[in-house]
Amino acid sequence: MIKVRFAPSPTGFLHLGNGRAAIFNYLFAKANNGRFVLRIDDTDTERSKPEYENGIYEDLSWLNIKYDEKYKQSERKDLYIREFNKLVEKGIVYPCYETKEELEIMRNYQLQNKKPPVYNRKALTLTEEEKMEFESRGITPHWRFKLNRRKIQFADLIHESIKFDLGSVSDPVVRKADGNFTYTFASCVDDIDIGISHIIRGDDHISNTASQIEIFKALNPDSAIQFGHYPLINFEQSGKMSKRFGDLSIKNFRDQGLEPETVITFLAKIGTSDPLTTCFDFETLVSEFSLAKISKSGPKIFLKDMFLLNRKFLSSLDFYSANKRYNIESEEIWNLIKENVDTPKDIDNWKNILKDDFIGMKVDTNFMKKVYEIISSTVKNENWYDAFIQNIRNEFQNTLSTKEIFTNLRLIVTGLENGPHFADILKFLGFDETKSRIEKLLNM
RNA sequence: GUCUCCAUCGUCUAGAGGUUAGGACAUCGCCCUUUCACGGCGAAAACAGGAGUUCAAUUCUCCUUGGAGAUGCCA
């Protein structure tokens with residue numbers, strides 16, 4: 001049974017990186033008839049906040065990612081204690097009494113002497129008397145897992161094979177002095193207990209995986225969990241960019257008017273050998289998903305590409321789907337504007353522009369006067385707009401470029417410099433409304 | 001410092017010893033549009049560097065360089 005998990009910690013809002021983890025795992029599960037588990041990794045009681053946990057549910061539901069099972073680490077402490085005690089009995093974990101400050105000093109010292117900042121296992125040499133002494137002073141220990149210091153190699157679904165020198169890392173802390181367990185440990189216990197078959201996470205977890213393989217083995221010698229580490233996204237970052245697009249939270253992009261389909265497709269396809277298609281449905285994404293398509297190198301992404309994709313998504317919608325989401329009054333309106341909207345805000349904007357009480361933007365007064373004269377003398381028949389445009393061109397052909405003429409006209413009628421085919425706009429608005437818009441601006 | 005991952009057009013990538021190094025997005029040009037956009041067509045654009053293995057290296061090995069990550073009583 002294939003079972004994967006998405007395990008965010010509620011210490012902040014879900015960002016694009018989290019979203020990618022969720023989507024990869026979700027698609028992997030669906031593509032293999034497996035189950036997708038949501039696990040709230042809230043072992044860090046200091047930083048975990050209920051509002052962030054709610055944010056996780058909101059974002060997942062917005063993205064339309066549904067989970068088959070849900071767990072919360074803060075509700076599973078009894079299990080961790082049981083498993084922890086087994087390791088204590090086996091002597092694989094050991095109590096340490098150093099303070100954070102002492103450890104910090106030790107690390108700095110090692111770094112300054114160009115040595116790897118690895119914990120020196122001093123606590124291992126403590127006598128029972130010394131331990132008692134600490135305890136009597138009210139100092140509770142934190143516990144470390146005694147790593148087998150050797151070079152290991154493990155299979156990886158994306159990198160094929162990863163090697164790691166366990167001698168280069170400290171024995172991981174599994175239980176903190178306050179009695180809470182760390183993610184490193186709780187995660188292993190949960191993965192075994194829940195029956196996770198594949199752990200798919202970012203390259204930033206490679207060193208964790210190396211240590212956790214040892215913990216998995218200590219917990220369950222038969223553990224056969226498979227790993228896949230995908231490369232992290234590099235975000236093109238410049239001051240301007242970040243200012244323009246805001247932070248990287250899913251919530252931010254939702255607020256900016258991106259559609260969930262856009263975010264899903266973007267995150268599912270970026271860094272894979274598939275093109276950034278315009279297929280936006282889950283079924284297609286699932287059928288196209290494969291870990292083999294994820295490249296080993298980290299993609300650099302431009303956030304503007306996501307907005308480009310959003311435009312493609314919107315213009316691909318037919319009237320029925322568009323109307324369901326954005327309540328478009330008529331098919332005529334949708335067909336008129338659909339090629340010219342980047343976000344739902346633009347849709348609202350155009351709906352407003354096409355309403356009768358809309359007021360455009362003033363341009364040069366003489367131009368507006370002339371335009372009014374021309375429309376007043378234009379015959380109101382079936383093709384009035386063609387005649388109207390032709391007459392204006394004739395009037396200004398020696399003084400203004402075609403582009404300038406149209407830009408001015410667009411501003412007067414729509415308030416914008418670009419948009420749907422101009423004659424189509426006039427046709428939609430009708431003779432009287434167009435004339436009234438020019439008149440209104442002239443009288444302002 | 002140590003450990004780990006990675007390296008093909010601007011970007012995402014295909015390529016697994018012999019290819020005119022292919023595609024997609026972006027860019028530019030032309031066409032369509034009486035204008036911007038949309039659309040159609042086309043162009044430009046890449047194997048980081050150095051050794052080695054080989055008849056032959058983008059492809060295999062090593063080194064250098066570059067990028068990313070880890071090195072927490074965070075996850």
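In what follows, every chain begins at residue 1, and chains take the letters A, B, ... in the order their sequences are listed.
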Item to check | Qualifying residues under side chain to side chain donor-acceptor pair (under 3.5 Å), relative to A:Lys380, sequence neighbours excluded | outcome: A:Asp432
Next on the checklist: Checking side-chain polar atoms at under 3.5 Å, does A:Asp281 have a donor or acceptor matched by the opposite partner on A:Thr284?
Outcome noted: yes
Checklist entry - If you look only at pairs with a residue in residues 145-155 of chain A, which of them pass as a side-chain hydrogen bond (donor to acceptor under 3.5 Å, both in side chains), with sequence neighbours excluded? => result A:Arg150-A:Glu214, A:Gln153-A:Ser161
Checklist entry - Does A:Lys269 or A:Asn208 map to a spot on RNA chain B nearer the 5' end, using the closest nucleotide for each? => result A:Lys269
Checklist entry - Hey, does A:Gly419 reach any base, or is it just sugar-phosphate, or nothing, if we go heavy atoms under 4.0 Å? => result base
Checklist entry - Tell me, which of residues 143-155 of chain A have any heavy atom that sits under 4.0 Å from an atom in RNA chain B? => result A:Arg144
Item to check | Pair partner, B:C55 [Watson-Crick or wobble, under 3.5 Å] | outcome: B:G18
Next on the checklist: Under 4.0 Å from a heavy atom of chain A: give me the 5'-most and 3'-most nucleotides of RNA chain B that qualify.
Outcome noted: B:G1 to B:A75
Checklist entry - Where along residues 182-189 of chain A does a heavy atom come under 4.0 Å from RNA chain B, residue by residue in number order? => result A:Thr182, A:Tyr183
Checklist entry - Would A:Ser170 and A:Arg144 count as having a side-chain donor-acceptor pair, cut-off 3.5 Å? => result no
Item to check | B:U4 to B:C62 separation - P atoms, rounded to the nearest Å | outcome: 13 Å
Item to check | P atoms of B:G52 and B:A44, separation to the nearest Å | outcome: 35 Å
Item to check | Partners meeting salt bridge (Lys or Arg N to Asp or Glu O under 4.0 Å) with A:Arg137 (sequence neighbours left out) | outcome: A:Glu133
Checklist entry - Can you tell me how far P in B:A43 sits from the matching atom in B:C25, rounded to whole Å? => result 15 Å
Checklist entry - Given the C1' atoms of B:U65 and B:A51, what is the spacing between them in whole Å? => result 14 Å
Next on the checklist: Contact between A:Leu16 and A:Phe235 at the side-chain level, heavy atoms closer than 4.5 Å - yes or no?
Outcome noted: yes
Checklist entry - What integer number of Å spans the C1' atoms of B:C9 and B:A14? => result 13 Å
Item to check | Presence of salt bridge, A:Lys269 and A:Glu288, under 4.0 angstrom | outcome: yes
Checklist entry - Between the side chains of A:Glu404 and A:Ser401, does any donor sit under 3.5 Å from an acceptor? => result yes
Next on the checklist: On RNA chain B, compare the nucleotides closest to A:Ser295 and A:Thr407; which residue's is nearer the 5' end?
Outcome noted: A:Ser295
Checklist entry - NZ/A:Lys403 to CD/A:Glu417 distance, rounded to the nearest 0.5 angstrom? => result 8.5 Å
Checklist entry - Partner of B:U65 by Watson-Crick or G-U wobble geometry, both contacts under 3.5 Å, or none? => result B:A7
Checklist entry - Should the pair A:Lys122-A:Glu98 be classified as a salt bridge under the 4.0 Å nitrogen-to-oxygen rule? => result no
Checklist entry - For A:Arg39 and A:Ser187, does a side-chain donor sit closer than 3.5 Å to a side-chain acceptor? => result yes
